Amino acid sequence: MKDNIVKTKSFDFAVRIVRLYQYLCCDKKEFVLSKQLLRSGTSIGAMIREAEHAESKHDFIHKFAIAQKEANEVVYWLELLKATDYLNEKEYENINNDAISILKLITSIIKTTKAKVDAKK
């Protein structure tokens, strides 16, 4: 069976987000921004999982579009955490690169799926 790269990457990313949330709460005593990051960062993988059992190609695209929005939101929260000195440059770069990578992967999947749907019309 072929590995599902986006499923694996989004799950691993969610684990990193949970750990970052724990760090921000325990070590930095930051509770508001980190909660927003936790919600958006873990919902990416959840939407990808939902898309696995989509009712149609359009439903699949819709679920991935939500995951794409959540990934973009993660990038925002990470930028804000860096700008407010809750994350240093190294911490930020490391996890932000992963967020951007997942965002690009999701965007590519959406474009490819839309092209296939349009080709069948």
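Keep in mind that what you see is a predicted model, and the values were worked out from it rather than measured. Just so you know, these numbers use all the heavy atoms, side chains as well, and skip hydrogens, waters and symmetry mates.
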Euclidean distance, Q68 CD relative to T107 OG1, rounded to 0.5 Å: 4.0 Å
How many angstroms lie between atom CD of E79 and atom CG of L81, to the nearest 0.5 angstrom? 10.5 Å
Distance col, row R49:CZ vs S43:OG, nearest 0.5 angstrom, shows 14.0 Å
Not counting sequence neighbours, list each pair that qualifies as a ring-ring contact (aromatic ring centres under 6.0 Å, His included) and has a residue in residues 63-103. F60-F64
Which residues, ordered by chain and number, are linked to L103 in its hydrophobic cluster, where ILVMFWY side chains connect at heavy-atom gaps below 4.5 Å, directly or through other members? none
Single-linkage hydrophobic cluster, 4.5 Å side-chain cutoff, L33 and V18 together: yes
Which pairs pass ring-ring contact (aromatic ring centres under 6.0 Å, His included) with one or both residues in residues 3-56, sequence neighbours excluded? none
Residues in side-chain hydrogen bond (donor to acceptor under 3.5 Å, both in side chains) contact with K69, at least two apart in sequence or another chain: none
Side-chain donor or acceptor of E91 paired with backbone N/O of N88 under 3.5 Å: yes
Looking only at side-chain N and O atoms, does S40 offer a donor or acceptor that is under 3.5 Å from a partner on E70? no
Can you measure from NZ (K116) to CG (D118) and round to the nearest 0.5 angstrom? 12.5 Å
Of the options V6, I5, I61, which is the one that meets I109 in a side-chain contact (heavy atoms from CB on, under 4.5 Å)? V6
If you measure from CG on L38 to CG on L20, what distance do you get to the nearest 0.5 Å? 9.5 Å
Once you round to the nearest 0.5 Å, how far does CD1 of I44 lie from CD1 of I17? 7.0 Å
Under 6.0 Å from the CD atom of E55, do we count more than 12 heavy atoms belonging to anything else shown? no
Taking all atoms of both residues into account, what is the closest heavy-atom pair of V74 and A99, and its distance? CG1-CB, 4.1 Å
Qualifying side-chain hydrogen bond (donor to acceptor under 3.5 Å, both in side chains) pairs with a residue from residues 6-20, counting only residues at least two apart or across chains: K7-E52, R16-N94, R16-D98
Minimal non-hydrogen separation, A67 against I48, with atom names: CB-CG1, 4.2 Å
Qualifying salt bridge (charged side-chain N to carboxylate O under 4.0 Å, His left out) pairs with a residue from residues 25-39, counting only residues at least two apart or across chains: none
Check the pair Q36, E73 against side-chain contact (heavy atoms from CB on, under 4.5 Å), reporting the backbone distance first and the verdict last. CA-CA 9 Å; Q36 294 290 341; E73 185 178 332; 4.1 Å; yes
Kindly work out whether a path of hydrophobic side-chain contacts (I/L/V/M/F/W/Y, heavy atoms less than 4.5 Å apart) joins I110 to I102. yes
When clusters are formed by joining ILVMFWY residues with side-chain heavy atoms under 4.5 Å apart, either directly or through shared neighbours, do V75 and L24 land in the same one? no
